[in-house]
Peer 1: 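Here it is: the structure, laid out below.
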2 protein chains.
Amino acid sequence: MTTEEKIFNSARIIFQKKGFAGARMQEIADEAGINKAMLHYCFKNKQLLFEAVFMNAFGQLAPQINDIFSSNDSVFDKIRKFTHSYISFVIQNPYLPQFVIQEMNNNPAFVMSFLKNENRPNPTLLVSQIEKEIADGIIKPINPKQLLMNIISLTVFPFAAQMMVKGMLQISDAAFNQMMEERKTSIAEQIINSIKR
Amino acid sequence: MTTEEKIFNSARIIFQKKGFAGARMQEIADEAGINKAMLHYCFKNKQLLFEAVFMNAFGQLAPQINDIFSSNDSVFDKIRKFTHSYISFVIQNPYLPQFVIQEMNNNPAFVMSFLKNENRPNPTLLVSQIEKEIADGIIKPINPKQLLMNIISLTVFPFAAQMMVKGMLQISDAAFNQMMEERKTSIAEQIINSIKR
DNA sequence: ATCTTTGTTAACCAAATGGTTAAACCGTAT
DNA sequence: ATACGGTTTAACCATTTGGTTAACAAAGAT
């Protein structure tokens, strides 16, 4: 592993745990086991190091959504595939959703730079497919954007609010992961059940 | 408005916008239009000022959940009342959910102190009521905690991830609020629809 | 009137923090 | 061997930041 990779991985860990404002350059250097000056040698400054980490995180999350949502499957199958693969991915990267949401809220100006990104999640295709299936009588009449919001909410929220959820429901890490495993299939069936004619 | 109230309100604004780590004592003082030393005169230090704000925020969110969830209504009516009143409240306080979630994730030790709070959301009653209605054949057999998670997810997530949602769906503030208004009733019906026998 | 308590401020301080610099290290081509 | 390029570090620096102090003002209490 190159020094640059070591720094990047350590920065990912620290930024995702503490956010941009809470992260300390020294802590990242310690985590990587190198001198603080190396951070600046490799990544110029905190902002650029952060952006590298954030872009990477976002770049992992976004394409998956597009891949599945732009396939040739029916809406129902897309929902099934999305929830399953997305939860699988996030179980492996449990800090990611909260990290992305937090930094987008704390730094709205930053959000704008992603709206132009070609890899950004683009739901227009799925929206028109939903409209078509509504017209065809496969799906009940609903606002497609509301449906999309429901899918994302049910999938992402438990991870984003992990600590609160564990605290409120009084469940252990293991029990939480067990519940997330169940959700891989249960969410899709619940959504489909509520919108099918 | 007393000086203490001015400080508290300003602190609420700044902490909710930037989080604990990102907030600056000077910025809070400026927002309140007073000298920085007054912050320490009234609230001792940053941590205690933050805790006052956080407790207040949490204290506004939590009781509402309990009030509704411990009433004598059926599960369906509880879901209807909860989603409606909760979304109404959060529309007026759109920063609250993300603030609470963020600080709970960034400071897990802090979470623990709330598990003992008498006002913490306590879902045990609702869970057993759900189990009863399942046994009575009113509700399909499901994991009550999953149902609870679904209700919270659909209600809170769009607010917690507001910036991301607006960016992804390409909607304005007004369109967002309009969608949230719709959700006051649509979420409840969607959930009920998916679990009723 | 003056003493005391409470509220308020300007100036100050020590520690933390992001960032820089100049020197040392190290493999390699000459 | 040595000169050279990129890599790495210890020491340093300027600024920011949370927090303190001592003086000042205002309002009751005696």
Side-chain angles (χ1 to χ4, degrees), chain A residues 1-57 95 99-100 102-110 113, chain B residues 1-57 95 99-100 102-110 113:
Chain A
M1 191 162 49
T2 71
T3 303
E4 196 167 314
E5 286 168 341
K6 272 194 282 186
I7 292 175
F8 183 85
N9 286 331
S10 305
R12 193 164 40 83
I13 292 168
I14 303 297
F15 277 133
Q16 287 184 11
K17 189 149 54 182
K18 313 214 167 173
F20 176 80
R24 297 286 159 248
M25 295 297 268
Q26 186 60 58
E27 198 179 358
I28 294 172
D30 291 347
E31 175 79 26
I34 50 108
N35 187 284
K36 183 163 66 88
M38 277 305 285
L39 301 187
H40 297 91
Y41 180 75
C42 291
F43 288 91
K44 187 78 180 171
N45 60 37
K46 189 182 182 183
Q47 182 65 34
L48 287 176
L49 176 54
F50 174 79
E51 282 176 21
V53 169
F54 187 87
M55 292 279 185
N56 175 270
Y95 280 113
F99 173 63
V100 172
Q102 171 172 324
E103 299 306 330
M104 279 197 152
N105 276 317
N106 286 176
N107 200 345
F110 212 59
S113 64
Chain B
M1 190 162 51
T2 71
T3 303
E4 196 169 314
E5 286 168 340
K6 273 194 283 186
I7 292 174
F8 183 86
N9 286 331
S10 305
R12 193 164 40 83
I13 292 168
I14 303 297
F15 278 133
Q16 287 183 11
K17 189 150 53 184
K18 313 215 167 171
F20 178 80
R24 298 286 159 249
M25 294 298 267
Q26 185 61 59
E27 198 180 359
I28 294 172
D30 292 346
E31 175 80 26
I34 49 107
N35 188 285
K36 184 163 65 90
M38 276 305 285
L39 301 187
H40 297 92
Y41 179 75
C42 292
F43 289 91
K44 187 77 179 170
N45 60 38
K46 188 182 184 184
Q47 182 65 34
L48 288 176
L49 176 54
F50 173 80
E51 281 176 22
V53 169
F54 187 87
M55 292 278 184
N56 175 269
Y95 280 113
F99 173 64
V100 171
Q102 171 174 322
E103 299 307 329
M104 279 195 152
N105 276 317
N106 287 176
N107 200 344
F110 211 58
S113 64

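In what follows, chains carry the letters A, B, and so on, assigned in the order in which the sequence lines appear, proteins first and then strands, with residues in each chain numbered from 1.
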Peer 1: Short of 4.0 Å, heavy atom to strand atom, which residues of residues 19-26 of chain B count as contacting DNA chain D?
Peer 2: Ala23(B), Arg24(B), Met25(B)
Peer 1: Apply side chain to side chain donor-acceptor pair (under 3.5 Å) to Asn45(B) and list each qualifying residue two or more places apart in sequence or on a separate chain.
Peer 2: none
Peer 1: Of the residues in residues 33-52 of chain A, which ones touch DNA chain D at a heavy-atom distance under 4.0 Å?
Peer 2: Ile34(A), Asn35(A), Ala37(A), Met38(A), Tyr41(A)
Peer 1: Please report the C-alpha distance between Phe8(A) and Glu4(A) in whole Å, then the side-chain angles of each, then the deciding distance to 0.1 Å, and finally whether the side-chain contact (heavy atoms from CB on, under 4.5 Å) criterion is met.
Peer 2: CA-CA 6 Å; Phe8(A) 183 85; Glu4(A) 196 167 314; 5.8 Å; no
Peer 1: Can you see which heavy atom on Gln16(A) is nearest to which on Ala57(A), and at what distance?
Peer 2: NE2-CB, 4.4 Å
Peer 1: Do Phe15(A) and Ile28(A) have side chains that get closer than 4.5 Å, going by heavy atoms?
Peer 2: yes
Peer 1: Under the rule for side chain to side chain donor-acceptor pair (under 3.5 Å), what residues qualify as partners of Asn9(A), not counting sequence neighbours?
Peer 2: Arg12(A)
Peer 1: List for me each residue that meets side chain to side chain donor-acceptor pair (under 3.5 Å) alongside Glu27(B), sequence neighbours excluded, and say none if there are none.
Peer 2: Lys18(B)
Peer 1: Between which nucleotides of DNA chain D, read 5' to 3', does contact with chain B run, using atoms under 4.0 Å from its heavy atoms?
Peer 2: dT17(D) to dT21(D)
Peer 1: With sequence neighbours excluded, tell me which residues meet side chain to side chain donor-acceptor pair (under 3.5 Å) with Glu51(B).
Peer 2: Gln47(B)
Peer 1: With sequence neighbours left out, what residues match Asn107(B) under side-chain contact (heavy atoms from CB on, under 4.5 Å)?
Peer 2: Ala109(B), Phe110(B)
Peer 1: Using the test side-chain contact (heavy atoms from CB on, under 4.5 Å), find all partners of Ala21(B) that sit at least two apart in sequence or belong to another chain.
Peer 2: Ala21(A)
Peer 1: Show me the pairs that pass ring pair (Phe, Tyr, Trp, His ring centres under 6.0 Å) and involve residues 18-44 of chain A, at least two apart or across chains.
Peer 2: Phe20(A)-Phe50(A)
Peer 1: Do any of residues 3-14 of chain B sit with a heavy atom less than 4.0 Å from DNA chain C, and if so which?
Peer 2: Thr3(B)
Peer 1: Going by the salt bridge (Lys or Arg N to Asp or Glu O under 4.0 Å) test, which pairs reach into residues 28-44 of chain A, not counting sequence neighbours?
Peer 2: none
Peer 1: Using side-chain heavy atoms (C-beta onward) and a distance below 4.5 Å, is Gln102(B) in contact with Asn105(A)?
Peer 2: no
